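Structure first, commentary second.
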Amino acid sequence: RLEICSFSGHKIYPSKGKTYVRIDSRSFRFINGKSESYFLQRLNPRKIKWTVIYRRLNKKGITEEIAKKRSRRTVKHERAVAGVSWDAIRAKRNQKPDARAAARQAAIAKSKEAKKAAAATKKTTTGSAAQGAKVSKQGAKGFAPKAAATSR
C-alpha cells in the first residue's frame, strides 16, 4: 500500500521511508531523512522548490493541460459620430478634395463674419454706456458718497 510523505508529498513505497509519532500520538510519514529533518525544523513545504506542494502552487511540470491561448482579433466598426449620421460622413468622405477645401474656406469665412458682427455690436453697446455720466470706480462699486464739507 502506497503512503504519501507528510512533508514533500511524494509517494512512499512499502518498506521505505520513516514514521514519526508526536507526543499527541499523531503520526507522520516521511520519504527520507531530509524530509523529516525539514519537517522538524518547521520549514514550510510551500517554499521549498522540490516538494509536490510547491510545484502544484507554482504550476510546474503540467504539460498535458497546456492549451494555446486564444488571441482576440480587433474588429473594426464604422459608427456615426454624435450629431452626424454615418451616411453624411460617408458622403463627405467621397467628395472631391477641392470641393471639401472650398466648403471649409466658406465655413471659415462665415465664422469670421459672425465674429466681426458680434464684435461690432459689442463695441456700439459699450461705447454708448461710456458716454453717460462719469462715475468714479469707488462709486461704481457701491461706496456711499461722501458728505459735503460744511464750513462756518
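A quick note: this is a predicted structure, and the numbers were derived from the prediction, not measured. For the numbers below, each heavy atom of this structure counts, side chains included, while hydrogens, waters and symmetry mates do not.
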Side-chain heavy atoms nearer than 4.5 Å, only ILVMFWY residues, links allowed to pass through others: does that put [X] and [Y] together?
| X | Y | answer |
| --- | --- | --- |
| Leu43 | Phe39 | yes |
| Ile31 | Leu40 | no |
| Ile48 | Phe30 | yes |

Basic-acidic side-chain contact under 4.0 Å: Glu113, Lys115:
no

Rounded at 0.5 Å granularity, tell me how far [atom1] in [X] sits from [atom2] in [Y].
| X | Y | atom1 | atom2 | answer |
| --- | --- | --- | --- | --- |
| Ser6 | Ile12 | OG | CD1 | 7.0 Å |
| Lys34 | Trp50 | NZ | CH2 | 5.0 Å |
| Cys5 | Lys11 | SG | NZ | 13.5 Å |
| Phe7 | Tyr20 | CZ | OH | 14.0 Å |
| Thr74 | Arg72 | OG1 | CZ | 12.0 Å |
| Arg22 | Phe28 | CZ | CZ | 3.5 Å |

Work out which heavy atom in [X] is nearest to a heavy atom in [Y]; give both atom names and the distance.
| X | Y | result |
| --- | --- | --- |
| Thr121 | Ala118 | OG1-O, 2.8 Å |
| Lys49 | Arg55 | O-CG, 3.8 Å |
| Leu2 | Pro14 | CD2-CD, 4.3 Å |

How about Arg56: does its CZ atom have over 12 heavy atoms from other parts shown lying under 6.0 Å from it?
no

Atom CD1 of residue position Ile4 - does it have more than 12 heavy atoms of other residues, nucleotides or ligands inside 6.0 Å?
no

Can you find a side-chain donor-acceptor pair between Arg29 and Thr19 that sits under 3.5 Å?
yes

Is there a donor-acceptor contact under 3.5 Å from the side chain of Asn32 to the main chain of Ser35?
yes

Would you check if the side chain of Asn44 reaches a backbone N or O of Arg46 as a donor-acceptor pair within less than 3.5 Å?
yes

Test applied, side chain to side chain contact (heavy atoms under 4.5 Å, CB included); reference residue, Pro45; option that passes from Val52, Ile53, Leu57
Ile53

